[in-house]
*Asks:* 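There's a structure below that I have some questions on.
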Number of protein chains: 2
Amino acid sequence: MEALLNILKKNQLSVTESRKKILELFLNSEGALAHADIEKSTDGSYDRVTVYRTLQTFVEKGIIHNIPTTDNSILYALCKDNCEAGHHHDNHVHFICDVCDKTICLEHVSIPEVKLPKGFTQKQTDVVVSGICDACK
Amino acid sequence: MEALLNILKKNQLSVTESRKKILELFLNSEGALAHADIEKSTDGSYDRVTVYRTLQTFVEKGIIHNIPTTDNSILYALCKDNCEAGHHHDNHVHFICDVCDKTICLEHVSIPEVKLPKGFTQKQTDVVVSGICDACK
DNA sequence: GGGACATTTGCAACATTATTGCAAATTTCC
DNA sequence: GGAAATTTGCAATAATGTTGCAAATGTCCC
């Protein structure tokens with residue numbers, strides 16, 4: 001059985017065409033995907049609404065998480081290993097390349113410690129680094 | 001002459017009602033503002049388009065900058081002191097409170113050093129921390 | 001202060017993106 | 001294989017963002 005099916009079953013999700021296809025896109029992509037990317041890649045095979053709902057379901061189950069962006073897009077990326085469903089408390093470093101505009105999830109980069117002012121409690125930290133990626137240098 | 005007018009003149013912008021009002025909102029807000037917040041605060045005094053264009057102008061001039069968010073909203077916050085117009089290479093730490101949902105720009109928090117993989121060049125770093133703020137604890 | 005010129009605003013129309021309800025189709029489970 | 005639960009697609013609607021252009025406002029100089 002494929003890893004793909006494992007993920008869906010483990011999260012008690014019905015195995016449907018759209019979910020398989022969209023999950024496959026994430027598994028084959030090193031970067032992050034936006035709704036628009038998915039619609040383009042699936043070439044209209046699935047309704048816009050289905051894509052929205054699939055992404056939402058994946059986020060709720062902790063299969064993917066979303067990445068902060070400075071424009072008004074929403075980027076999604078696979079959660080590696082064991083994200084808690086609905087309670088994603090991991091820390092991430094994301095890199096956005098100014099040249100190719102791709103967003104890459106840097107799993108292996110250690111998150112730095114942020115010292116907050118008194119009274120603030122830290123739960124999740126997202127770091128968004130922009131610059132030039134290895135491929136574009 | 002107010003600080004407000006200074007800012008506008010320094011950036012060679014015509015002093016108009018909407019710009020004064022919107023800039024004032026930022027000066028009086030410790031947190032970040034979204035387009036919707038501004039429309040609500042101005043109570044429809046200005047056209048939706050005017051607000052969009054004003055924000056865009058302020059960003060271009062380096063008066064405000066936008067903050068990464070995980071939803072599809074765009075948040076703006078004042079740039080303290082001297083941001084380069086159009087080339088905002090500063091680093092920021094932003095805090096989003098899970099309780100009151102406010103975004104606070106933590107100017108005085110030092111940005112941590114992020115070690116990137118080989119081949120990556122770092123230009124700007126944004127850190128988004130979520131948790132509970134001092135007021136909500 | 002008045003008038004010419006430049007800038008900005010508001011309206012209208014349009015484009016894009018996201019959400020909801022509901023019936024039809026698909027999946028799951030026994 | 002068939003009933004029950006889940007998911008999909010359509011249609012309608014809402015929310016958000018953009019563009020062109022004429023009218024209004026602001027700036028500058030005399």
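Convention: sequence-line order gives letters A, B, ...; per-chain numbering from 1. Note that this is a predicted model, so its numbers are computed, not measured.
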*Asks:* Can you confirm whether or not the ring centre of A/F58 sits under 6.0 Å from the ring centre of A/Y76?
*Replies:*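 No, too far apart.
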*Asks:* Do A/I96 and A/V129 sit in one hydrophobic cluster, given that two such residues count as connected whenever their side-chain heavy atoms are within less than 4.5 Å of each other, even indirectly?
*Replies:*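 No; tracing contacts between hydrophobic side chains, which count when under 4.5 Å, never links both residues.
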*Asks:* Taking atom C1' of C/dT7 as reference, at what distance in whole Å does atom CG of B/N11 sit?
*Replies:*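 It works out to 16 Å between those atoms.
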*Asks:* In whole angstrom, give the distance that lies between atom CD1 of B/I22 and atom P of C/dT8.
*Replies:*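 It works out to 13 Å between those atoms.
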*Asks:* Provide the closest heavy-atom pair for A/S18 versus A/T54 in the form atom of the first, atom of the second, distance.
*Replies:*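 Result for this residue pair: OG-OG1, 4.3 Å.
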*Asks:* Expressed as a whole number of angstroms, how long is the span from A/H35:NE2 to D/dT16:C1'?
*Replies:*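 Computing the A/H35:NE2 to D/dT16:C1' distance gives 15 Å.
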*Asks:* Please answer whether the main-chain N or O of B/L13 pairs with a side-chain N or O of B/N11 as donor and acceptor at a distance below 3.5 Å.
*Replies:*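 Not confirmed, B/N11 side chain does not pair with B/L13 backbone.
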*Asks:* Please give, in whole Å, the distance from C/dA13 P to B/D47 CG?
*Replies:*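 Those two atoms, CG and P, are 14 Å apart.
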*Asks:* Reckon B/S45 touches a base, only the sugar-phosphate, or nothing at all at heavy-atom distances under 4.0 Å?
*Replies:*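 Sugar-phosphate, no base atom in range.
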*Asks:* Rounded to whole angstrom units, what separation is found between the CZ atom of B/R48 and the P atom of C/dT8?
*Replies:*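 Those two atoms, CZ and P, are 21 Å apart.
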*Asks:* Give a yes/no answer on whether the side chain of B/S18 brings an N or O atom under 4.0 Å of OP1 or OP2 in C/dT9.
*Replies:*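 Answer is yes, contact under 4.0 Å.
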*Asks:* Please compare B/Q56 and A/T54 by the position of their nearest nucleotide in DNA chain D and report the one closer to 5'.
*Replies:*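 In this pair, the answer is A/T54.
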*Asks:* Rounded to whole Å, how long is the line connecting atom CG of B/L8 with atom C1' of C/dT8?
*Replies:*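 Taking atom C1' of C/dT8 as the reference, CG of B/L8 is at 13 Å.
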*Asks:* Measure from NZ on B/K20 to P on C/dT8 and round the result to the nearest Å.
*Replies:*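 Whole-Å distance recorded here is 15 Å.
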*Asks:* Please report the interatomic distance CG(B/L75) to NE2(B/H35), rounded to the nearest 0.5 Å.
*Replies:*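 B/L75 atom CG to B/H35 atom NE2 measures 13.0 Å (nearest 0.5 Å).
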*Asks:* What is the distance, rounded to the nearest whole Å, between atom OH of B/Y52 and atom C1' of C/dC14?
*Replies:*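 It is 14 Å, rounded to the nearest whole Å.
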*Asks:* So, taking the atom named CZ in A/R53 and the one named CD in A/E60, what distance separates them when rounded to the nearest 0.5 Å?
*Replies:*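 So the gap between those two atoms works out to 12.0 Å.
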*Asks:* Do the side-chain N or O atoms of A/R19 get closer than 4.0 angstrom to the phosphate oxygens (OP1, OP2) of D/dT7?
*Replies:*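 Answer yes for this pair, as a side-chain N or O of A/R19 is under 4.0 Å from OP1 or OP2.
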*Asks:* Do B/K20 and B/V15 pass the side chain to side chain contact (heavy atoms under 4.5 Å, CB included) test, and can you show the C-alpha distance, the side-chain angles, and the key distance before you say yes or no?
*Replies:* CA-CA 7 Å; B/K20 277 193 290 182; B/V15 176; 3.8 Å; yes
*Asks:* Each nucleotide in nucleotides 19-30 of chain D should get exactly one letter: B, S or -. Can you fill that in based on protein heavy atoms under 4.0 Å?
*Replies:* BB-----SS---
